[in-house]
Each structure stands twice: as C-alpha cells, then as structure tokens.
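Below is one structure; the comments refer to it alone.
Order of the sequence lines fixes the chain letters, A, B, ..., with proteins taken first and strands second; residue numbering starts at 1 for each chain.
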There are 2 protein chains.
Amino acid sequence: MTPTSGASAPRMTKQRAAVLDALSASDEFRSAQSWHDALRHEGSTVGLATVYRSLQALAEAGEVDAVVTDTGETLYRRCGAVDEHHHHLRCRVCGAAEDIEVPQFEEWAEKVAAEHGFARIDHTVEITGVCAACTAKGH
Amino acid sequence: MTPTSGASAPRMTKQRAAVLDALSASDEFRSAQSWHDALRHEGSTVGLATVYRSLQALAEAGEVDAVVTDTGETLYRRCGAVDEHHHHLRCRVCGAAEDIEVPQFEEWAEKVAAEHGFARIDHTVEITGVCAACTAKGH
DNA sequence: CGGCTAAATGAGAATCATTGTCAAACTCAG
DNA sequence: CTGAGTTTGACAATGATTCTCATTTAGCCG
Ligand SMILES: [Zn+2]
Ligand SMILES: [Zn+2]
Ligand SMILES: [Zn+2]
Ligand SMILES: [Zn+2]
C-alpha cells in the first residue's frame, strides 16, 4: 500500500487533456461517441474507450455534467458553473443548453421525500425543447 | 385502405391483457425484462419482444408511465392517476413509487423556456431515494 | 536527465437492453 | 364461420457502453 493516504489525482495524459479541451470549446451536450468523432476530426487519435473513461471520470469528479436522454444515451457537457448544483434547459436537436436554477426545488424535494420515509434522496430536473436557432432551421 | 378513418384501437390479445394484469397488480417501477420474468413465473408464455412492444404501446397510450434510469434502463409502472400528468418519488432499490405533484412546476418551466426562446417544451422531474422498507433491510 | 512502476491507453471482443425479421397464430369485422 | 390484417414468438441484429489485456506513458526518485 502507498504510505500517503487518500486517492491520488488522476494522471493528466494528453488524451484526457484533449477531451477536456474539446468539452471546454463547446457549450453543447453531446454523447461520448459524438465527442470522440469531434476529437478525431481535430486530428486526435484518442480511442473511443478512453473518451468513455475520461467522460465518466470527469462526471464523477463533478468537472462535467451528464444527462441521460429518453433513449438511454448519456450526454456530457462542460458547464459554466463547475461544481455548482444546477439544472438544464437543453435543445433536443442541437444539444445547446443553458444552466438554470429551480427556485426552492431542492428544499421541496427533501421535504416531500422525508414525509414519505425515503432516505438518500437524489433528483433529476431537466427541461428540453427546440432552441430558437433550430426552430428557425425548421426543426 | 380501410374506409373508416383514423387508427383502429389495438387488439386485445391475451398476452397484452396479461401484461396489463401484471402491471395492475404491482405499484413498482420495473424493467421490461423484469415484467417478462414475472409473467413467466406466473406461467405465461409471453415472448420478451411482445412484452417490450406492449409496454411501449401502453406507455404511448398513456396507460402506463415510463422512466429512464441513470443507467439507461426504461422502467414501467401502472400509476393510480392514469392519464394525469404527474411525477414520481421512486425507491432505487425495490422500485416502489408514489405519485407526486410539483406545485407550479409546469407553469414555471413554460415561462423559463419561453424566455430563452425554446419551443416544444418537455420536462422530466423525478425524485429517487431508498424507501423506509429498504432502509430497514439495510440497503 | 534516465529508470521504474502503477495508471492509462487502444483495439477489439464481450455485454446488455432494445429493436428488427418473418413465418405462424390469432382477433374480429362482416 | 371466414378472410384479412394484426400480433406473436424465436432468434438475429443493433447500438451504446464496458471489459480485456498487451503496450505505452505520466509522475516520482535518484
Ligand atoms: Zn450544467
Ligand atoms: Zn438547438
Ligand atoms: Zn406515475
Ligand atoms: Zn424500497
């Protein structure tokens, strides 16, 4: 065992940096496969598995947000407010999204859950639609 | 083409009835596979594909509710308030759930979306946790 | 600056939930 | 009852995500 306690920070490999870069350059929610494509188009040779692993790690670390679509696909996005808990208004067509806060929702959820005897509460609040740009394009 | 207009109501086959029965006998959110298992254990010989098709049809018809878990699995449940729009407080361990209403949420969502130029709004609000029974069992 | 070792990568196989295929079985209007 | 269009079921095919494992590499030490 390593004498130093705690979990060491993940290594900063060039591929992880590339993933982070790509995410930082766009404000859209995209799937792992989509981010992988983007990286390849930029000349990177990252493997698909690595993109999946990086995104998962980043999501767990709270560096990026992840949402699951109604088709089961997981989409990732680097949000402006890193680490801050928030929700999203996302375009189903292009993935563009904005962070939003839902007034008093957290408190309300806690209360309702407690009233029903539920513990270890978690919640999902997402609003989707078609953004102005996509609507203009006829979507 | 059939002279009568519109889509005819889906046929009531014994397997679709069986699926509906199973759903009506439980208040838990379960996956298609899980419902299929349950039906088989009851002696039914329904095929897995049929269970999937039935659940989808029922969900589209608004007869049952469907939620997508964070692992991408779709869970189905026959809710007390059929056809009424509502949200859920669900146990991540056993699937037990209760219908809940979120005060003024729909109106709020519409407003926020409109302010951002989004059209064809939809939303997801789900609260999950571990129910009292499951907590007692040490989950 | 090398050397070293555990962590990270990539190519491809393997999973898993879900969907598609198509011949056979079935519902139900007439 | 009968015929025609539906629905079913066994199984193949998908598609997203995960796993395997040999190979590379980041980060640490001297
Ligand atoms: Zn966000
Ligand atoms: Zn858009
Ligand atoms: Zn419900
Ligand atoms: Zn429970």
Side-chain angles (χ1 to χ4, degrees), chain A residues 1-22 29-61 63-64 66-77 95, chain B residues 1-22 29-61 63-64 66-77 95:
Chain A
M1 68 193 91
T2 45
T4 52
S5 62
S8 55
R11 291 184 183 173
M12 179 50 57
T13 63
K14 70 190 54 155
Q15 24 278 78
R16 179 165 302 213
V19 171
L20 218 22
D21 262 13
F29 268 105
R30 313 256 286 276
S31 66
Q33 314 233 31
S34 176
W35 285 117
H36 178 245
D37 285 350
L39 285 163
R40 291 248 145 161
H41 289 161
E42 288 173 17
S44 170
T45 61
V46 228
L48 179 55
T50 299
V51 174
Y52 270 102
R53 287 185 286 237
S54 299
L55 289 173
Q56 286 173 180
L58 289 168
E60 276 173 33
E63 286 295 304
V64 305
V67 301
V68 179
T69 70
D70 53 6
T71 64
E73 255 192 333
T74 302
L75 308 179
Y76 300 87
R77 176 201 195 219
Chain B
M1 69 194 90
T2 44
T4 51
S5 63
S8 55
R11 290 184 181 172
M12 179 48 58
T13 61
K14 71 190 52 152
Q15 25 276 78
R16 180 165 302 213
V19 171
L20 217 22
D21 261 15
F29 267 104
R30 312 241 228 116
S31 67
Q33 313 232 35
S34 176
W35 285 118
H36 178 246
D37 284 349
L39 284 163
R40 290 248 147 162
H41 289 162
E42 287 173 16
S44 170
T45 62
V46 227
L48 178 57
T50 299
V51 174
Y52 269 102
R53 288 186 286 239
S54 300
L55 289 172
Q56 286 174 178
L58 289 167
E60 277 173 31
E63 284 296 304
V64 305
V67 302
V68 179
T69 69
D70 53 6
T71 63
E73 254 193 334
T74 302
L75 308 179
Y76 300 88
R77 177 201 194 217

message = Mind checking if B:T74 touches a base, just sugar-phosphate, or nothing, with heavy atoms under 4.0 Å?
response =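 Sugar-phosphate contact only - B:T74 comes under 4.0 Å of backbone atoms but never of a base.
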inquiry  = What contact category does A:T45 fall into here, base, sugar-phosphate, or nothing, at under 4.0 angstrom with non-hydrogen atoms?
reply    =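 If one applies the 4.0 Å heavy-atom cut-off, A:T45 turns out to touch the sugar-phosphate alone, with no base involved.
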Output the rounded distance in Å from [atom1] ([X]) to [atom2] ([N]).
X: A:D37; N: D:dG15; atom1: CG; atom2: P; value: 14 Å
X: A:H36; N: C:dT9; atom1: NE2; atom2: P; value: 12 Å
X: A:Q33; N: D:dT18; atom1: CD; atom2: P; value: 11 Å
X: B:R53; N: C:dA17; atom1: CZ; atom2: P; value: 18 Å
X: A:E73; N: D:dT18; atom1: CD; atom2: C1'; value: 16 Å
X: A:M12; N: C:dA6; atom1: CE; atom2: P; value: 22 Å
X: A:L58; N: C:dA8; atom1: CG; atom2: P; value: 12 Å
X: B:L48; N: D:dA12; atom1: CG; atom2: P; value: 14 Å

key: Spatial distance of atom OG1 (B:T74) from atom CZ (B:R30) [nearest 0.5 Å]   = 15.5 Å
message = How long is the straight-line distance from CG of B:D37 back to OG of B:S31, given to the nearest 0.5 Å?
response = 7.5 Å
Within the pair [X] and [N], is there a side-chain N or O less than 4.0 Å away from OP1 or OP2?
X: A:Q56; N: D:dT18; answer: yes
X: A:Q15; N: C:dG10; answer: yes
X: A:T13; N: D:dA26; answer: no

Heavy atoms, side chains only, cut-off 4.5 Å: are [X] and [Y] in contact?
X: B:T50; Y: B:R53; answer: yes
X: B:L55; Y: B:W35; answer: yes
X: B:S44; Y: B:Q15; answer: no

query = Between B:K14 and B:Y52, which is nearer to the 5' end of DNA chain C once each is assigned its nearest nucleotide?
reply =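 Looking at DNA chain C, the more 5' nearest nucleotide goes with B:Y52.
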Could you check which of [options] has an atom nearest any side-chain atom of [X]?
X: A:A32; options: D:dT17, D:dC19, C:dT19; answer: D:dT17
X: A:R16; options: C:dT9, C:dG10, D:dG9; answer: C:dT9
X: B:T50; options: D:dG9, C:dG12, D:dA4; answer: D:dG9

